[in-house]
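Only heavy atoms go into these numbers, but all of them, side chains included; no hydrogens, no water, no symmetry mates.
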Amino acid sequence: MSSLAAERQPRLASQVAADTTGGDVAVELRDVTKTFGQVHALKEATLCVRRGELMTLLGPSGCGKSTLLNLIAGFLAPDRGELEIDGHRVNDTPPYKREIGMVFQNYALFPHMSAADNVGYGLRMRRLAKQEVGRRVADALALVRLSGIEERRPHQLSGGQQQRVALARALVISPKVLLLDEPLSALDRSLRASMQVEIKEIQRQLGVTTLFVTHDQGEALSLSDRIAVMFDGQIHQIGSPAEIYRRPKDRLVASFVGDVNVLRARLGSIDRTTATISLGGQSIPVASEPLAGCKPGDRADLFVRPEQLHLSETGELVAAQGTVTTHIYQGGHVDLYLLSPVAAGGRLLVRSSEPDAITRWPVGAAVGVTVSGADALAFPPQDDKP
Amino acid sequence: MSRSRQRALHVAGTLVVLAILGFVVLPALVVTIAAFNDKAILAFPPQAWSWRWFAKALAYPDFHSGFGNGLIVTGWASSIALLVGGAFAFALDRYAFAYKRTIEAILLSSLIVPHFTIGLGFLILAAQIGLARGFAVVVVCHVVLVLPFVLKSVYVSLRNLDRRLELAAAGLGASPSRVLITVTLPLLLPGLAGGWLLAAILSFNEFTASLFVTAQRTQTLPVAMYNYVREYADPSLAALSVIYIAATATLLIVANAYLGLGKLLNVEPRR
């Protein structure tokens, strides 16, 4: 980054900070419901976005996350419920008065304007003086490290450059909230990873409250201060990436975020805070809350992350037996797939960081599997598999 | 065996395509050649060559007034059609309302009603309400005739417009009217200009309905040409046709270079 850009950025950051007037809640939704005909896109969603945080809305396509974003932007109106930005009710405020910066999935750059005119559009709509517009556009383009392409039209820019222009266009108006609708999904993998880092850095630097929609759980885990996981129009869980990953509230969240093994087991004992799950020769402690109402001896599904499973020789006191079917070498670790009758899907995934895992556990080897760590979770069984 | 058969099919196919292409350009070709005939008859092929019919056609007063009248009628008719058709296209694309399909069908109906019926209808109406056969009747008649084409071309442009661009503008602080002026209209401009041009060409060339609604004072160029050929059979008309074709082709080539007319005829796939 040029020294000039570095000089200018604190000013952009201070502009954002100056706009923040008391209270630490930037966006609040209370019981917001939206239906399209017969489809309930959003069911009584309640959500608080803290000032300055980066929150992701994570969920499969059709879960209502984009609807939620469009409601905040004002492109859709809620059927019921309250919507507040900076403590003011905005249910009836049109989008152009909401001071929102939005980056669309396809970027939605104006094809008939140059990159600089795209970025300056919001400032011109605010009737800023021409010189001021030029200065702020240059600042914003420097912020996204994109100086020198001012006069190019969007179709003359690469996907990554278009992405940056779209980001600069949204940020230059010092929005109260930055909304990003799957902004990285059109980029290739390596570019996506570097843009994730850059978005996070820019967001930190400006301290702008950000809502980021994605269906990519890896993206959500690596970017977010907090994640709201959505399924079928409902927010299932809101928490930090570690909370979501280690303490998923229900089966859906546990299955959607990160890889997980589901093992058929039985409940050994249960009290107010903890329960134990009996699986093979092991007794595994879990939180009792998700198992409320279950009795010792009932069937229960144990959810275990691949890195919490360990391979051992058969004959030890193990949780399950299996046969190695596939190795996937991942550089830093090896993914081993095992056939095991205990697994809900018939297969187990074990993530081993031992460098000799492939030679030690060759394909066809019969192995024992043990569960370690305090992060195992159990849920009552359900008929349809997660 | 199969190879020789394939080859025979290939040759036959090429011949059929060439024949079809030939028939498409044949009339224009024959007229063009006839225009250069030195003799005062519309004969083919000519015996001797000359430019003199071009000079005569350009000097003929009825053609002059026909050209001027045509410009007046075309200018008004395609501009009015653009306003009316554009507004309806906008409404059809953006709003849901009762009898939407019926209204669309009525607006497009002049595609299936013969032009002489429309011309005759306006002639009777004009006579009934005692309207003199002035430009107003001709212009209104032409608006009805070209409306479907303008409507379609603007509608297609609207369908091709990514609505997220308008949302993006609104999100950046543009009120609805400023979204229209700064984003929607500039992006629709090729469609609007193309629709206007298409209407203008159709209106300027329209003959059947014009024959009914024009008078001596208001006759357009095609009507003047028809009246000419009823009296004379020299190649002036052929010469005029060549000018016509050349002018229209030039206009279209220029328009295509600036507007990309290909876009007007298709709904582009959405990204």
Considering only heavy atoms, which portion of A:Phe110 lies under 4.5 Å from any heavy atom of chain B: side chain, backbone, both, or neither?
both
Please classify the contact of A:Leu109 with chain B as side chain, backbone, both or neither, using a heavy-atom distance under 4.5 Å.
backbone
The interface call for A:Arg169 against chain B, heavy-atom contacts under 4.5 Å, is both
Does atom CZ (B:Phe54) have a neighbourhood of more than 12 heavy atoms from anything else shown, all under 6.0 Å?
yes
Thinking salt bridges, do B:Glu104 and B:Lys100 make one under a 4.0 Å N-O criterion?
no
With only heavy atoms counted, which part of B:Leu165 is less than 4.5 Å from chain A, the side chain, the backbone, both or neither?
both
If we ignore hydrogens and angles and just use 3.5 Å, is the side chain of A:Arg89 paired with the main-chain N or O of A:Glu82 as donor and acceptor?
no
Any side-chain heavy-atom pair of A:Leu180 and A:Leu69 under 4.5 Å:
no
